[in-house]
Amino acid sequence: MMAYPERVLVTKIGFDGHDRGSRVVAAYLRDAGMEVIYTPPWQEIETVVKLAMQEDVDVVGVSSLATDHLIMPDLIAALRDAEMRHVRLIVGGIIPQNEQPELMDAGVSAIFGPGATSEEIVETVRKLAVEARAARETAEVV
Amino acid sequence: MSSNKKTRMEALAERLRAGDSRALGRALTVVESGDDDALALTEALAGAFGEAHIVGFTGPPGAGKSTLLDALIHEWRKEGRPVAVLAVDPVSPVSGGAVLGDRTRMGAHSLDDGVFIRSVSARGHLGGLCEAAHDMADMMDAAGWPLILIETVGAGQSETEITQVADLSVVISAPGLGDELQAIKAGILEIGDLLVVNKVDRDDADETAKHLEAMLALRSGAKRDISVLRVSAATGRGVTELKDEIDQLLEATGATVGADRKRKREARKRRLAVLRFASRISAGISEEDFRAMRPEELDRAIERSLALLSTEVED
Ligand code: B12
Ligand SMILES: Nc1nc2c(ncn2[C@@H]2O[C@H](COP(=O)(O)OP(=O)(O)OP(=O)(O)O)[C@@H](O)[C@H]2O)c(=O)[nH]1
Ligand SMILES: [Mg+2]
């Protein structure tokens, strides 16, 4: 048991308006007892970083059904610049196989495609939230 | 370990007071979770509170609280006043989880550094929502935010709880909510410093306003003379007037607010002490055993901690 529920930001960056996936995922996480900050599509990177900071989330989940997953390295850099390195980033939606290694190398923690189950998603987010809190604790001590 | 913890919280307190918004985000989580760190942090910040004005907004679901807050924030921002918001959303009674959606209606401010919004779930805290909300508002206060707006869940107890946190309570109603309006009647009569009917762009709004005015006429006591303000968050009608009214009331009650806040803070300190003793008692007991304690046992434990508390207070 964690001291308080996992806090997760579920969002969409860029021009892609497919929001069914992000809504479904937000509901999965809520039903698993987590606190979800949900945004509509079309957010900017700067907004996502600011939200993650103000809401002190453990995990940021981005849904991408167009090509917005290609901005993930920029988001990771922006989180790092804001000293939010401990936050874990996951991506879901339509992410072509051949582009997945690049995202993982850039620091994305997990990728989910169509048909991903609630169990898989919840389990991964739980694990990552624990990781994020441990990483933050370490960062605070130094 | 505990000294290490303390230093960590002292460092956080320092960063918070220096205006680091990441530190504020973190501090809000710490006090919300209400553990030992929360006590250490509150202690590290003792004396840093008391400058901010806190305004509570309550009303039935869908009355337009978030939309109206968004419009009000615009007004204050036009004057250059920084605004912090605590937006409380209901929690799923089944899972304990929540989708916190209030801030999506305040999205227009997402890139404005003069606005800090934090979503809060009405978790089943020990000590209730009020405890956490007050501590969270204190953190925003200590971080230098001069004006703090709290949007509460407009159902159940929270609309009266808000008066324990806020200097001023605004009750928002709207046409077309049917039974919801009935449900908050009692709350409205008791706590509203300002009554607002939102959505006056709708034809049926006048009826709602008249209904409220009729109810107000029956109200006794000091809060009887207040008027019902008609606004539309959607069109902006009446929003500047509402903002002016809030500013005026805050100014007029400034002195009493300070004293009142002090009294509330004392009461809270006492509750916090009780909680601290409760956690000391439970420290030696496993989670399961604690849950399994019979009511009489729990009562005795609480009595013991209260007795301890009064000796400590006298010291
Ligand atoms: C429904 C749909 C639409 C609807 C969208 C409705 C809405 N509000 O969402 C409408 C009709 C509006 C639409 C429009 C368009 N669409 Co469309 N659409 C689809 C379709 C058929 C299904 C998407 C869907 O809703 N799936 C159901 C949800 C629940 O699944 P999901 O999003 O995949 O989510 C799951 C996982 O991926 C994962 N997941 C997703 N996000 C996240 C996030 C996190 C944090 C996590 C952990 C997991 C996770 O978990 C979910 C549960 O398993 C797909 C095809 C497909 N098979 O995916 C095309 C598709 C996505 N659309 C496509 C296109 C091209 C368009 C249009 C550009 C078409 C056009 N020319 O007008 C427009 C653009 C709209 C816009 N503004 O962006 C293409 C995208 C191609 C690409 N990637 O290059 C697809 C792939 C179809 C195709 N094969 O060509 N579309
Ligand atoms: N016509 C009209 N609709 C409005 C107005 N203000 C808000 N709404 C709409 O009312 C609905 C609810 O608005 P919210 O601001 O989410 O209401 P809320 O009171 O914050 O709701 P909860 O947080 O769920 O309790 C939305 O669809 C708004 O667009 C208004 O002035 N006029
Ligand atoms: Mg709301």
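Just so it is clear: chains get the letters A, B, ... in the order the sequence lines come, proteins before strands, and each one is counted from 1.
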A.B. asks: Which heavy atom of A:R30 sits nearest a heavy atom of B:A98, and at what distance?
C.D. replies: CG-N, 3.4 Å
A.B. asks: Would you mind telling me which of B:V99, B:D113, B:T104 has the largest number of heavy-atom pairs within less than 4.5 Å of chain A?
C.D. replies: B:V99
A.B. asks: Would you say CD of B:E14 has more than 12 non-hydrogen atoms from neighbouring residues, nucleotides or ligands within 6.0 angstrom?
C.D. replies: no
A.B. asks: Sort B:L24 into side chain, backbone, both or neither according to what part of it lies under 4.5 angstrom from a heavy atom of chain A.
C.D. replies: neither
A.B. asks: More than 12 foreign heavy atoms under 6.0 Å from CD of A:E123: is that the case here?
C.D. replies: no
A.B. asks: Between A:K50 and B:D112 (side chain of the first, backbone of the second, donor and acceptor by atom type, cut-off under 3.5 Å), is there such a pair?
C.D. replies: yes
A.B. asks: Would you please go through residues 51-86 of chain A and name the residues with a non-hydrogen atom below 4.5 Å from one of chain B, in numerical order?
C.D. replies: A:L51, A:M53, A:Q54, A:E55, A:D56, A:A82, A:E83, A:M84
A.B. asks: Can you tell me which of B:G25, B:S119, B:S110 forms the most heavy-atom pairs within a distance under 4.5 Å of chain A?
C.D. replies: B:S119
A.B. asks: Taking side-chain hydrogen bond (donor to acceptor under 3.5 Å, both in side chains) as the definition, give me every residue that meets it alongside A:D31, ordered by chain and number, with sequence neighbours left out.
C.D. replies: none
A.B. asks: Tell me, for B:D102 versus chain A, whether the close heavy atoms (under 4.5 Å) come from the side chain, the backbone, both or neither.
C.D. replies: neither
A.B. asks: Sort B:V115 into side chain, backbone, both or neither according to what part of it lies under 4.5 angstrom from a heavy atom of chain A.
C.D. replies: backbone
A.B. asks: Any side-chain heavy-atom pair from B:L100 and A:Y38 closer than 4.5 angstrom?
C.D. replies: no
